[in-house]
Each structure stands twice: as C-alpha cells, then as structure tokens.
There are 2 protein chains.
Amino acid sequence: MPTLRTAEVARLAGVNVETLRFYERKGILPEPPRRASGYREYPPETVERVKFIKRAQELGFSLSEIQNLLDLRQMTGGKSDRVKHLAEAKVEEIDHKIRDLEAMKRSLTDLLRACDGRRAIASCPIIESLGGCPRCIGGKSEPPTEGTTP
Amino acid sequence: MPTLRTAEVARLAGVNVETLRFYERKGILPEPPRRASGYREYPPETVERVKFIKRAQELGFSLSEIQNLLDLRQMTGGKSDRVKHLAEAKVEEIDHKIRDLEAMKRSLTDLLRACDGRRAIASCPIIESLGGCPRCIGGKSEPPTEGTTP
DNA sequence: CTTGACTCCGTACCATACTTCGGGGTTGAT
DNA sequence: ATCAACCCCGAAGTATGGTACGGAGTCAAG
C-alpha cells in the first residue's frame, strides 16, 4: 500500500478526517500530492506524524511548538548553529518537564504510601512538588513549611 | 503578611488578576474569605496553588484534571480505595509522559550529536520517538522503515 | 450506469482557557 | 475630602484546537 486516503490516515492515527485538513491548513501537515480528481494521496508516514502530534500535545506542547520540533528534524543539513540552539533549548525544556513530572509522581506515591499505611498524610505535598520551579519569580522564598492547613 | 489581595496573588503567581476570578468561578481555586466590602482576602498558599496550576498545564493537564489532582490531595482521610485508584492511574499516566519525554529528548540529543559531528542525520528520529505508544490502535504494525523522504 | 461510500471545499459552530470592557464601590495616603 | 489605585461584577471578546454541516464531485462494485 503505497499511499493512503484521508479516511485511512485518520483511522490509523485515531483522529477525525477534518483534523487532517485542519492540520494542513495550519501548515503542520505538509500538503500531500493529489490525484487528478483532487483527492489527497498521503504517504504512509503521515500516520506516524499525526500520532506524534497528538502525543506531543498531551505532553504540553502547542501545535506551533510541535511544528518547530518537526521543522528542526528537517533542518539537519543547513546552518546548524540556529538549529543547535533551538534543539538545546528544547532539550532543556523537556528536562524541566521530566523533573517536574517526577516530582509530581513522587508526591502522588507518597500519598499512596500514606493511604496504604492507613494514616492521614501530614502535609500537602502535591502543590509543593512543583514549588521549586527555578524560573519563577522570587526563587523559592518560603522554606518548605509544614502545616499548610491548620 | 497574613492575607493577600487579588493583585498581590496575581503578581506573585505571575498571572492576570482576572485569571484568579476565572479559576474561582471554575472551582479550581476555593472561594477565599471576604472583607465586609467584598474584597477577597487570599491565604498566602494560594500563590503556590496557582503556580502549581500553571505548571501542571504546561505539563499537559487540563484544568479539570488539575482540579482532580488537587482534590486527591485533600481526600486523604476518607474512603481511601477510590482515592488510591485515581492516584495510581495518575501515577501511570505521569510515568507514560516521562517515558515519552525521555524518548523525545533522546532523539533531540541524537540530532545534536549529528550536528556536532557535522554530518547529516540518517533518519528522522523525532517522530519515531513517540511511535511506540502502547495505547495506540494497531500496536506498532509497521516496522521502523528507513527512507522517510525519498 | 447507478448507487453508496468516500472526497472535496468553505463556513460555521464548539469547548477550553482566558482577557477585555464598562460601570461602579473601597482604600488609604495626602 | 479627594483622588489614584485598587476591587467588585457580569458580559462580551479572543486564541487555540478542533468538529459539524451542506452541497457537489469521484470511485468502485454490482
């Protein structure tokens, strides 16, 4: 199967047909070749591209950020300096997300341990889990006090 | 400083004043006590709560998901079973996000290594980085073919 | 050569997450 | 007392990311 039609791509990627047109209008999917009739003929890798887009959205990236990520991937021959910068910034951003997700996970597993232990948890760790965000204003002015709701 | 006014909370949390009212309407911020005049008097931890909300959004959670997370944190005394289930599901979800972000990071660092090496990268790893998503339809039917743009 | 499924397109509509507007009351410093 | 700066509210507007509609053309099987 060399090429796919819209309904096939949509089904395989788990999205609505209209979403494909929408992405194309937005420039996040390249315009596929057409038959004489005007029907789109998608290359099969489109499916993976769409899946990537959907998943990246769930990871907190906007469509325009995702577009940048995808462009990055294509630009590997040209002026590497700008690409390198962008990629490095993205890596840092991703690292930051990973760290915060790990903190969130930790506070949830703490919560679970407290449930298992059948005793109430002392503090409210979930919010604190993202409290140490380094790019924020005051830079962690308050020490991690206990007793948030007395 | 025992309580804060809207503008103070907004400034400290890095959001618009109206966002606080919006969150309150949505129920994601609890209604703070008021003065006789109607002015809100926020407890200082509101700032951390709002920062948490903003960051959790950047990690791909919607406001209603965030509300669930925050509720979870409060429910640690009651019927632990449901709470436990929810928390466990959230931990899995977070793990999945972490794994995918790590895959994305890996493919970006690969890209960077290729840049450093001053040679073009062979394949298109970024999209493949999220290709192995287990909850997707066919379950990775296509082998990772090379030659994406012939 | 008809029929039903699929495709095209533009436009309009929807949900989420805010932001702006407009008009009026409160606070607190001078 | 006055006045800027702040606060209140409801309602309307914006941006993003789609989804639905409707009318017309296309494709492939019978």
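Each chain gets a letter, A, B and so on, in the order its sequence line appears, and its residues count up from 1.
At C/dC9, one or more side-chain N or O atoms of A/R40 fall inside 4.0 Å of OP1 or OP2 (strictly under the cut-off). Distances shown here put a side-chain N or O of A/T6 below 4.0 Å from the OP1 or OP2 atom of C/dC8. In this structure, A/R5 does not reach the C/dC6 phosphate: none of its side-chain N or O atoms is under 4.0 Å from OP1 or OP2. Listed pair B/K54 / C/dC18 meets the phosphate criterion, a side-chain N or O lying under 4.0 Å from OP1 or OP2. Put simply, B/Q57 has a side-chain N or O that comes within less than 4.0 Å of OP1 or OP2 on C/dC18.
C/dG10 atom P lies 15 Å from atom CZ of A/F22, rounded to whole Å. In this structure, the CD atom of A/E24 is 7 Å from the P atom of C/dC9, given to the nearest Å. Atom C1' of nucleotide C/dT19 and atom CG of B/L63 are separated by 15 Å, given to the nearest angstrom. Taking atom CG of residue A/N16 and atom P of nucleotide C/dC6, one finds them 14 Å apart after rounding to whole Å. Counting to the nearest Å, the C1' atom of C/dT27 and the CD atom of B/E8 are 13 Å from each other. A/E18 places its CD atom 11 Å from the P atom of C/dT7, with the value rounded to the nearest Å. Distance CG (A/L20) to C1' (C/dC9): 15 Å, rounded to an integer number of Å. When the P atom of C/dA17 is taken as reference, atom CZ of B/F61 falls 13 Å away, rounded to whole Å.
Ion pair B/D100/B/K97 not flagged as a salt bridge, since none of the NZ, NE, NH1 or NH2 atoms sits closer than 4.0 Å to an Asp/Glu carboxylate oxygen. Taking 4.0 Å as the cut-off between side-chain N and carboxylate O, B/R55 and B/E58 count as a salt-bridged pair. Checked for salt-bridge contact, A/K90 and A/E93 meet the test: a charged N lies under 4.0 Å from a carboxylate O.
Between the side chain of A/Y39 and the base of C/dC6, a donor-acceptor pair under 3.5 Å is found.
B/F52 CZ to B/I66 CD1: the interatomic distance, rounded to the nearest 0.5 Å, is 7.0 Å.
Note on A/I28 and A/V17: separate hydrophobic clusters, where clusters join Ile, Leu, Val, Met, Phe, Trp and Tyr whose side-chain heavy atoms are under 4.5 Å apart, directly or indirectly. Under the 4.5 Å side-chain heavy-atom criterion for grouping Ile, Leu, Val, Met, Phe, Trp and Tyr, B/L63 is connected to B/L20 within one hydrophobic cluster.
Using a 4.0 Å heavy-atom criterion, one finds that B/S62 contacts the sugar-phosphate atoms exclusively.
For the residue pair A/A87 and B/L111, the shortest heavy atom distance occurs at CB-CD2, 4.3 Å.
If A/S37 and A/R25 are placed on DNA chain C by their nearest nucleotide, the residue sitting closer to the 5' end is A/S37.
Contact footprint of chain B on DNA chain D: nucleotides with an atom under 4.0 Å from a non-hydrogen protein atom, first to last in 5' to 3' order, D/dC6 to D/dG10.
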